[in-house]
Engineer: 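Before I ask anything, here is the structure I am working with.
Just so it is clear, the structure is predicted and the values come from calculations on it, not from any experiment.
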Amino acid sequence: MCLKILHTSDWHLGKTFKETTFDLLQIQKQILEEIIEVVEEERPDIVLIAGDIFDNYNPPFEAEKVFYETLIKLSKHNCFIIVTAGNHDSPEKLQISKPLIMGKHPIFIMTNPFDNFSSLIFENDMFYIGFEKLFLKIKLKEKNKVVAIKVLPYLSEVRLGLSGEEFLNKINEILSEEPQFSCDNFLLMSHIYVSGAQKSGSERILQIGGIEYISSEYLPKRADYIALGHLHRYQKIKNAVYSGSIYPFDLAEIEHKKGICLWRENQVEFIEFKKMPQIKKLEFETIEDAINNVPEDKNLYYIVIKTPQSYTPTSIEKLLKAYKDKLINWQFSLTEKIQEPEIPDISSLNDAELFREFYKAKLNREPSEDTLKVFLETLEEVKNATY
């Protein structure tokens, strides 16, 4: 009997569609219900949730409620659930639930790569769970298999208190370590940006004078499966897989496939969601055309009016009424393309030069020497801080 793993990530519960006020939580709830249905049908041994559970450090109460209700529903299907924190998640907030979960339910939440769980033991009819040298050691009783899993939350220079080469060396050390006990399968789950992977557009990844991504060479070669979160497009990088976000979060993603990954016998199957509403971009010459041509389906729409014109509150009211809750956003398109500013090559710039470029781009003037000094002193404090 082979090991079966379900891998999902980047739920971003509590998010609104990019540059709109359209709340996605009800759609996200619908998608999570479909994930539960897949778990019920496929019966995976382990469910991996690879970070960015929430969209920000202080998610709305309803988003937190949806997350924990989903964990409860998943745990009823005889699977072991492993969750790690992403860059959008507050490690401290996710730690609050640990006393109620750890050792009491088949659920494991990892928020700090150096947390000591050496005393962790959980056992039921399906699993025996232990922790050995930063690896989860999972024995599947019915299949008589031992699985080693390293779980690494989002690793940044600030969270590790390191920078530059020291940071990269530590990352390499953490990622390359392999289990020292005998196991049938070795898995890694993390929330990182690996070189060679493609961003989608809705990821908020910004590092000034820092490390944006890590080399794929750092990933363990012997791992049977590497489950990653952070990037929103489903893709494979060597033996690593991004399951992608569960829903499009901006217009650049609406054509991307969205779903979850199922790994078994060294094969990865991408299971695309079938029940979520699609997002379609519609273009009309006038606002009246948009009002008079509402599609009769269950999709959502982002409407672009091609011809700039004066419009009245009445016409806007008619548009909103015609599309009801199917309208994500609407806007007038520009008749002339605005020339994009030339983007400078910043790959060889130091911290001071990077700050000067950033400052000029935002305020159209050079920073004063005092401002530059304050920035560099603050940056140095952040790099040297311990957390």
Engineer: Considering non-hydrogen atoms only, spot the tightest contact between Lys145 and Cys2 and give its length.
Structural biologist: CE-CA, 4.1 Å
Engineer: Is there a side-chain contact between Arg264 and Glu269, using heavy atoms and a 4.5 Å cut-off?
Structural biologist: yes
Engineer: Under 6.0 Å between the ring centres of Phe54 and His88?
Structural biologist: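 Aromatic pair excluded; centres sit 6.0 Å or further apart.
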Engineer: Compute whether any side-chain donor of one residue and acceptor of the other, for Glu92 and Tyr57, lie under 3.5 angstrom apart.
Structural biologist: no
Engineer: Does any N or O in the side chain of Lys326 come within less than 3.5 Å of the main-chain N or O of Pro295, such that one atom is a donor and the other an acceptor?
Structural biologist: yes
Engineer: Please check: side-chain N/O of Glu283 versus main-chain N/O of Ile303, any donor-acceptor pairing under 3.5 Å?
Structural biologist: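 No; judged by distance alone, with no hydrogens or angles, the pair does not exist.
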Engineer: Please report the C-alpha distance between Val241 and Tyr225 in whole Å, then the side-chain angles of each, then the deciding distance to 0.1 Å, and finally whether the side-chain contact (heavy atoms from CB on, under 4.5 Å) criterion is met.
Structural biologist: CA-CA 8 Å; Val241 178; Tyr225 184 68; 3.6 Å; yes
Engineer: Should we count CG of Asp125 as having more than 12 external heavy atoms under 6.0 Å?
Structural biologist: no
Engineer: Determine the sole option in Lys65, Lys93, Lys15, His12 for which the side chain to side chain contact (heavy atoms under 4.5 Å, CB included) test with Pro59 is passed.
Structural biologist: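 Only one option passes, and that is Lys93.
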Engineer: Would you say Tyr234 and Glu272 make side-chain contact, with heavy atoms under 4.5 Å?
Structural biologist: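 They are not in contact (no side-chain heavy atoms under 4.5 Å apart), so the answer is no.
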Engineer: Indicate whether any N or O donor in one side chain lies under 3.5 Å from an N or O acceptor in the other, for Tyr242 and His232.
Structural biologist: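 On atom types as modelled, these side chains do not qualify, holding no pair under 3.5 Å.
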Engineer: Applying side-chain contact (heavy atoms from CB on, under 4.5 Å), run through Lys73 and Glu33 and close with a yes or a no.
Structural biologist: CA-CA 9 Å; Lys73 292 176 182 178; Glu33 288 297 328; 2.6 Å; yes
Engineer: Between Lys137 and Phe181, is NZ or CZ placed under 6.0 angstrom from the six-membered ring centre and within 45° of the ring axis?
Structural biologist: yes
Engineer: Is the backbone N or O of Glu178 less than 3.5 Å from a side-chain atom of Gln180, with the two atoms forming a donor-acceptor pair by type?
Structural biologist: yes
Engineer: Honestly curious: do Leu319 and Phe22 fall in one hydrophobic cluster under the side-chain, below-4.5 Å linking rule?
Structural biologist: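 Different clusters.
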Engineer: Is a side-chain donor or acceptor of Glu34 paired with a backbone partner of Lys274 at a separation under 3.5 angstrom?
Structural biologist: yes
Engineer: Count I, L, V, M, F, W, Y as connected when their side-chain heavy atoms are under 4.5 Å apart, and connections chain through other members. Are Ile81 and Leu94 then in the same cluster?
Structural biologist: yes
Engineer: Hey, is CD on Glu177 packed in by over 12 heavy atoms from elsewhere, all under 6.0 Å?
Structural biologist: yes
Engineer: Between Asp289 and Ile287, is the side-chain contact (heavy atoms from CB on, under 4.5 Å) condition met? List the steps.
Structural biologist: CA-CA 5 Å; Asp289 289 340; Ile287 196 167; over 6 Å; no
Engineer: Using 0.5 Å steps for rounding, measure from the NZ atom of Lys4 to the CG atom of Leu6.
Structural biologist: 10.0 Å
Engineer: Could you tell me which non-hydrogen atom of Ile291 sits nearest to which non-hydrogen atom of Ala322, and how far apart they are?
Structural biologist: O-CB, 4.2 Å
Engineer: May I ask you to test the Val66-Leu32 pair for a side-chain heavy-atom distance under 4.5 Å?
Structural biologist: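 They are in contact (side-chain heavy atoms under 4.5 Å apart), so the answer is yes.
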Engineer: Check the surroundings of atom NZ in Lys324: do more than 12 heavy atoms from other residues, nucleotides or ligands lie under 6.0 Å from it?
Structural biologist: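 Result for NZ/Lys324: open.
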Engineer: Identify which one of Ile149, Ile138, Ile226 satisfies the side chain to side chain contact (heavy atoms under 4.5 Å, CB included) criterion when paired with Leu187.
Structural biologist: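 So, applying the side chain to side chain contact (heavy atoms under 4.5 Å, CB included) to Leu187 and each of Ile149, Ile138, Ile226, only Ile149 qualifies.
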Engineer: Look up atom CH2 in Trp263 and atom CG in Leu3, then write down how far apart they are to the nearest 0.5 Å.
Structural biologist: 5.0 Å
Engineer: With no hydrogens and no angle check, is any side-chain donor or acceptor of Glu142 less than 3.5 Å from a backbone partner on Met126?
Structural biologist: no
Engineer: Indicate the atoms forming the closest heavy-atom contact of Phe135 with Ala148, along with that distance.
Structural biologist: CD2-CB, 4.4 Å
Engineer: Using only heavy-atom distances, determine whether the side chains of Tyr218 and Asn172 contain a donor-acceptor pair under 3.5 Å.
Structural biologist: no
Engineer: Through direct or indirect side-chain contacts below 4.5 angstrom among Ile, Leu, Val, Met, Phe, Trp and Tyr, which residues connect to Ile121?
Structural biologist: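 Joined to Ile121, directly or through intermediates: Tyr128.
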Engineer: So, Ser195 side chain and Ser216 main chain: donor-acceptor pair closer than 3.5 Å or not?
Structural biologist: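 Confirmed, Ser195 side chain pairs with Ser216 backbone.
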Engineer: Do Phe80 and Ile5 sit in one hydrophobic cluster, given that two such residues count as connected whenever their side-chain heavy atoms are within less than 4.5 Å of each other, even indirectly?
Structural biologist: yes
Engineer: Hydrophobic cluster membership, with links at side-chain heavy-atom distances under 4.5 Å among I/L/V/M/F/W/Y: are Met189 and Phe67 in one?
Structural biologist: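 No, Met189 does not connect to Phe67 through the hydrophobic network.
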Engineer: Output the distance between atom CG (Asp325) and atom CD (Gln26), rounded to the nearest 0.5 Å.
Structural biologist: 10.5 Å
Engineer: Measuring from atom CD of Glu37 to atom CD1 of Ile35, what distance do you get when rounded to the nearest 0.5 angstrom?
Structural biologist: 10.5 Å
Engineer: Heavy atoms only: give me the nearest Ala290-Ile305 pair and the separation to one decimal.
Structural biologist: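 The pair with the smallest heavy-atom distance is CB-CD1, 4.0 Å.
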Engineer: Is there a donor-acceptor pair closer than 3.5 Å between any side-chain N or O of Asp224 and the backbone N or O of Phe186?
Structural biologist: yes
Engineer: Walk me through whether Leu282 and Tyr302 qualify under side-chain contact (heavy atoms from CB on, under 4.5 Å).
Structural biologist: CA-CA 6 Å; Leu282 297 180; Tyr302 193 109; over 6 Å; no
Engineer: State, without any angle test, whether Thr8 and Ser243 hold a side-chain donor-acceptor pair at a distance under 3.5 Å.
Structural biologist: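 Short answer, no.
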Engineer: NZ of Lys143: more than 12 outside heavy atoms within 6.0 angstrom?
Structural biologist: yes
Engineer: At their closest point, which heavy atom of Leu219 faces which heavy atom of Ala240, and how far apart are they?
Structural biologist: CD1-CB, 3.8 Å
Engineer: Look at the side chain of Asp23 and the backbone N and O of Thr16, then say whether any donor-acceptor pair between them is shorter than 3.5 Å.
Structural biologist: no
Engineer: Check the surroundings of atom NZ in Lys141: do more than 12 heavy atoms from other residues, nucleotides or ligands lie under 6.0 Å from it?
Structural biologist: yes
Engineer: Val151 and side chain to side chain contact (heavy atoms under 4.5 Å, CB included): which partner among Ile109, Val83, Thr84?
Structural biologist: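 Result for side chain to side chain contact (heavy atoms under 4.5 Å, CB included) with Val151: Thr84.
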Engineer: Can you confirm whether Leu13 sits close enough to Asp55 that some side-chain heavy atom of one is under 4.5 Å from a side-chain heavy atom of the other?
Structural biologist: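 In short, these two side chains do not touch, never coming nearer than 4.5 Å.
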Engineer: Checking ring-ring contact (aromatic ring centres under 6.0 Å, His included) for the pair His105/Phe122: CA distance, chi angles, key distance, verdict?
Structural biologist: CA-CA 7 Å; His105 302 281; Phe122 173 83; 7.8 Å; no
Engineer: Can you see which heavy atom on Lys258 is nearest to which on Ile246, and at what distance?
Structural biologist: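 Closest approach of Lys258 to Ile246, heavy atoms only: CB-O, 3.8 Å.
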Engineer: Once rounded to the nearest 0.5 Å, what's the spacing between atom CG of Asp45 and atom CG of Asn78?
Structural biologist: 10.0 Å
Engineer: With the 4.5 Å side-chain cut-off for hydrophobic clustering, are Tyr301 and Trp330 part of the same group?
Structural biologist: yes
Engineer: With no hydrogens and no angle check, just 3.5 Å: does a side-chain donor-acceptor pair link Asn87 and His230?
Structural biologist: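 Yes, side-chain donor-acceptor contact under 3.5 Å.
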Engineer: Mind checking whether Phe273 and Ile31 have side chains closer than 4.5 Å, heavy atoms only?
Structural biologist: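 Sidechains of Ile31 and Phe273: in contact.
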Engineer: Taking the side chain as every heavy atom from C-beta outward, state whether Glu62 and Glu64 have any atom pair closer than 4.5 Å.
Structural biologist: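 Side-chain contact under 4.5 Å: no.
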Engineer: Roughly how far apart are Lys139 NZ and Asn144 CG, rounded to 0.5 Å?
Structural biologist: 5.5 Å
Engineer: Can you find a pair of side-chain heavy atoms, one from Arg222 and one from Pro179, that are under 4.5 Å apart?
Structural biologist: yes
Engineer: Between Asp297 and Lys280, does any side-chain N to carboxylate O distance fall below 4.0 Å?
Structural biologist: no
Engineer: Mark yes or no for whether His191, through its side chain, and Pro153, through its backbone, hold a donor-acceptor pair below 3.5 Å.
Structural biologist: no
Engineer: Just by modelled atom types, is the Ile53 backbone N or O under 3.5 Å from a matching donor or acceptor in the Asp89 side chain?
Structural biologist: yes
Engineer: Between Arg356 and Leu372, is there a side-chain heavy-atom distance shorter than 4.5 Å?
Structural biologist: yes
